[in-house]
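First the structure, in the form of structure tokens, and then the observations on it.
Owing to the predicted nature of the structure, the values given are computational and were not obtained by experimental measurement. A, B, ... follow the sequence lines: proteins, then strands. Residue 1 opens every chain. Keep in mind that the numbers below use all heavy atoms, side chains included, and drop hydrogens, waters and symmetry copies.
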2 protein chains.
Amino acid sequence: MPVRILIFEDNAGLREGLCQLLMLRDEYEITGRYENASQVITLLDQHNPDVILMDIEMPGISGIEAVRLIRTVNRDVQIIMLTVFDDHSHVFDALKAGANGYLLKRNVSDRLISSIGEVLAGGAPMSPSIARLVIGEMQTSKASAPYPLSDREKQILSSLADGNSFKMIASDLGISLETVRTHIKRIYEKLHVHSQIEAVSKAIREKLV
Amino acid sequence: MPVRILIFEDNAGLREGLCQLLMLRDEYEITGRYENASQVITLLDQHNPDVILMDIEMPGISGIEAVRLIRTVNRDVQIIMLTVFDDHSHVFDALKAGANGYLLKRNVSDRLISSIGEVLAGGAPMSPSIARLVIGEMQTSKASAPYPLSDREKQILSSLADGNSFKMIASDLGISLETVRTHIKRIYEKLHVHSQIEAVSKAIREKLV
DNA sequence: ATCACTATCCCCCGATCTGGGTATTTCGCG
DNA sequence: CGCGAAATACCCAGATCGGGGGATAGTGAT
């Protein structure tokens, strides 16, 4: 059985180019090609594709909106974004919406075939710069601030961040309320903050908890 | 100038295999190969590599620890993890520590060469299952619970999360303190929380702000 | 024209937190 | 052995917050 592919791409030249490229191989079947995604849900039912190639910028609804729509009714079809945008927000919005891969158009010619194979094998094909962007996201967590909090202080801070009052923390840890307060005061000094909110917000954002 | 490669891998067989594979190509130069990373900083200085292949499980210090150490002194060398572990915590710890790529040993034979090229070109080579894990991470920021906060409420919540007191929020927005309090009460109801801390912690973690 | 929702404002009271102190014990380090 | 860091505990005064009321006004949908 050939792999069923559905294409959404508003640029007619590129759209036909993609089709040509894929039709060279008989393991692929283009079940449909459209210049916008306004009927995406209906078309999804009609064609029941294995893979969708989705442009982002199209007249009517955007490719990212389309992905969101698709994911409300179908978690299985593999979606590869195919676009010129390599900025942070397009990439993350698309991935959060539920895309499985993200290819820049300039990489399409040499990576499309392998990417379709990869996405069907449970992978997440991405252009190199996109992959770097994605892992860069998780690396931002670190570095900046090695606050010298003691173990006890970290423990109390994280309990505080879970929404516990001083009283609750005290009884959780089996120590006096006043002791909790003393720890909290030192935490404030070390973090250069003056309230629970600031401490918790700083702690969460800088990944101390 | 050949690409200078440094290898840390405790399994002698695999280590030699990697060398054989790379030495087939004269654009690569193995400047060193070691069975543990205990001298990693010294060796880094000595060899000044372009790419490091790093196992995770080694006697002495782990590959992840080694990456952390390397990143304290060098942001430029490209590091590819080479390991059998494909679980969430190994992968994320390694990437957070500063690795640029993550290959499973079972994919090494067919992807090593292309991965080295990719990492040098500013990409982030990953085994397919790893890539899927990574993008799965950002999709967990699930849209499942879109709390129906009004615009004003979101604004106030995010100001609160920045560490502002009710008083500060009131004067920032040019409204009365009591109005801020009313909004806050409604936010608590909608979020099912009972304090600033809980609200802010929930807001940040579910990234409503 | 009524309903639901939003944004605005006010009061009260008790609980909680903040900032300023002081003090004891334990533990590791030189 | 003395020193500092960490953990423990207490007191007080004033600010802030949480939960309970009630109130007016505008907007958009039905």
Check every atom of [options] against the side chain of [X] and return the nucleotide holding the closest atom.
X        : options                : value
B:Ser150 : C:dG19, C:dT6, D:dG18  : C:dT6
A:Ser176 : D:dC10, C:dC17, C:dT8  : D:dC10
A:Ile175 : D:dA6, C:dA7, D:dA9    : D:dA9
A:Ser165 : D:dG19, C:dT16, C:dG20 : C:dT16

Nearest-Å distance for atom pair [atom1]/[atom2], residues [X] and [N]:
X        : N      : atom1 : atom2 : answer
A:Leu173 : D:dA9  : CG    : P     : 10 Å
B:Ile184 : C:dT16 : CD1   : P     : 19 Å
A:Ile187 : C:dG19 : CD1   : P     : 13 Å
B:Leu191 : D:dG19 : CG    : P     : 13 Å
A:Leu177 : D:dC12 : CG    : P     : 14 Å
A:His194 : C:dG19 : NE2   : C1'   : 11 Å
A:Leu160 : C:dT16 : CG    : P     : 14 Å

Using a 4.0 Å heavy-atom cut-off across all strands, classify [X] as base, sugar-phosphate, or nothing.
X        : result
A:Thr182 : base
B:Lys185 : base
B:His183 : base

With a 4.0 Å cut-off on N to O distance, would you call [X] and [Y] a salt bridge?
X       : Y        : answer
A:Arg33 : A:Glu9   : no
A:Asp86 : A:Lys105 : no
B:Asp10 : B:Arg15  : no

Can a donor-acceptor pair under 3.5 Å be found between the side-chain atoms of B:Arg186 and the base atoms of C:dA7?
yes

Check whether the side chain of B:Thr179 and the base of C:dC9 form a donor-acceptor pair under 3.5 Å.
no

Under 3.5 Å, is there a donor on one side chain and an acceptor on the other for A:Thr83 and A:Asp55?
no

Here's a test of your reading of the structure: between A:Glu178 and A:Lys167, which maps to the more 5' nucleotide of DNA chain C?
A:Lys167

On DNA chain C, does the nearest nucleotide to B:Arg181 precede the nearest nucleotide to B:Ile156 from the 5' side, or the other way round? Give the residue.
B:Ile156

side-chain hydrogen bond (donor to acceptor under 3.5 Å, both in side chains), that's the test. Do B:Glu198 and B:His192 meet it? Break it down for me.
CA-CA 9 Å; B:Glu198 286 181 285; B:His192 307 116; over 6 Å; no

Does a nitrogen or oxygen in the side chain of B:Tyr188 sit under 4.0 Å from OP1 or OP2 of D:dG18?
yes

